[in-house]
**Student:** 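Sharing a structure here in structure tokens format.
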Amino acid sequence: MTTRLYEHSIFLEHQVPPGHPERPDRLRALNLALEHASFAPLDRKQAPQANEDAVLLAHPEEHLFAVMRAMPDEDDRILQVESDTYASVKSLQAAFTAIGGALAAVDDVMAGTHDNAFVAARPPGHHAEKMKAMGFCFFNNAAIAARHAQQKHGVERVAIVDWDVHHGNGTQDIFETDPSVLYCSTHQMPLYPGTGAKEEVGVGNIVNAPLSPNVGSDHFREAFHSRVLPALRDFAPDFIIISAGFDAHHRDPLAQINLTGSDFDWATGKLLDIAGKHANNRVVSLLEGGYDLEGLAESAGQHIMRLMKG
Ligand SMILES: [Zn+2]
């Protein structure tokens with residue numbers, strides 16, 4: 001089993017104000033962890049930059065233009081795009097490259113050159129709704145990747161599994177009337193952005209598994225066993241995309257779920273089992289949140305190691 005890793009230095013140039021949690025140091029911490037010899041078999045590649053048309057796979061043109069208009073044009077400026085979403089002069093290029101990495105990862109996995117791939121990109125994507133940048137996200141990388149798998153590669157059923165500690169309101173918004181995409185999310189509730197109740201089911205294709213604050217491994221794994229995994233088995237996806245946020249780690253400052261790296265190893269293994277049975281092992285994983293540098297490095301490291309082991 002071979003795992004591809006997409007990375008790019010442009011992801012470090014998406015600048016945010018001092019003290020903002022979604023900062024370039026997140027990727028520096030992850031990159032440092034991935035220098036360990038155990039990650040040497042990773043097949044690393046520079047993420048290509050997607051063109052503007054890729055955005056239109058999941059967003060209307062009005063949203064693309066609104067984001068482009070919101071970008072600063074001077075080197076030293078950081079503009080507030082939305083309440084907690086900021087942009088610097090290189091942010092648009094970083095966002096297009098995050099999308100480009102996701103699309104290339106889908107292409108690799110569909111071509112069979114790699115069983116799975118991880119895209120170590122920022123800005124993240126799962127809060128971006130069809131018409132709205134929010135929660136540090138401009139464009140919904142996972143949604144765009146799912147549409148690309150369907151439209152370019154003829155994949156019928158795509159499952160997106162989102163274990164970021166925040167609900168992926170954007171991904172739900174984009175797919176809630178589309179039964180060809182299953183969206184499963186574990187997340188803390190109550191917490192930003194406020195969506196993600198069990199009762200939000202879309203057209204039977206949305207499976208929310210909210211977790212109460214201060215729970216840990218047992219509740220997370222139970223949510224997988226009782227809700228996420230049965231839904232995936234019933235859906236029998238042809239392709240699995242993971243919205244891989246690591247802010248449910250116990251060290252994370254933005255939430256109160258108490259997972260450790262081994263929980264992400266476990267959950268990854270469960271999804272690989274499903275992918276092996278239904279999806280010819282095809283899994284693409286995209287970095288979302290994770291704001292404690294040590295927690296992120298540990299969790300993402302264990303997740304990627306599990307992808308490599310298969
Ligand atoms: Zn998050």
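Counting starts at 1 for both ligands and their atoms, following the listed order. The analysis underlying the following values was restricted to heavy atoms, covering all of them including side chains, and did not include hydrogens, waters or symmetry mates. What you are looking at is a predicted structure, and each value in this text was computed from that prediction instead of being measured.
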**Student:** Closer than 2.8 Å to the Zn ion (ligand 1): does that hold for any N, O or S atom in H187?
**Tutor:** no
**Student:** Do the side chains of D265 and K270 get close enough for a salt bridge, i.e. N-O under 4.0 angstrom?
**Tutor:**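 Salt bridge: no.
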**Student:** When you measure from the Zn ion (ligand 1) to each N, O or S atom of D247, which atom gives the shortest distance?
**Tutor:** OD2
**Student:** Which ILVMFWY residues are connected to F96, directly or by a chain of links, through side-chain heavy atoms under 4.5 Å apart?
**Tutor:**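 F96 shares its hydrophobic cluster with V55, L56, L57, L64, F65, V67, M68, M71, V81, L92, I99, L103, F138, F139, I144.
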**Student:** When the side chains of residues 229-238 are checked against the rest of the protein, which donor-acceptor pairs come out under 3.5 Å, sequence neighbours left out?
**Tutor:**
{"from": "D238", "atom 1": "OD1", "to": "R157", "atom 2": "NH2", "distance (Å)": "3.4"}
{"from": "D238", "atom 1": "OD2", "to": "E156", "atom 2": "N", "distance (Å)": "3.4"}
{"from": "D238", "atom 1": "OD2", "to": "R157", "atom 2": "N", "distance (Å)": "2.8"}

**Student:** Looking only at side chains, do Q188 and H166 share a donor and an acceptor under 3.5 Å apart?
**Tutor:** no
**Student:** Any N/O/S atom, side chain or main chain, of E288 closer to the Zn ion (ligand 1) than 2.8 Å?
**Tutor:** no
**Student:** With rounding to 10 degrees, what does the angle H166:ND1 / the Zn ion (ligand 1) / D164:OD1 come to?
**Tutor:**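 The ND1/OD1 angle about the Zn ion (ligand 1) sits at 100°.
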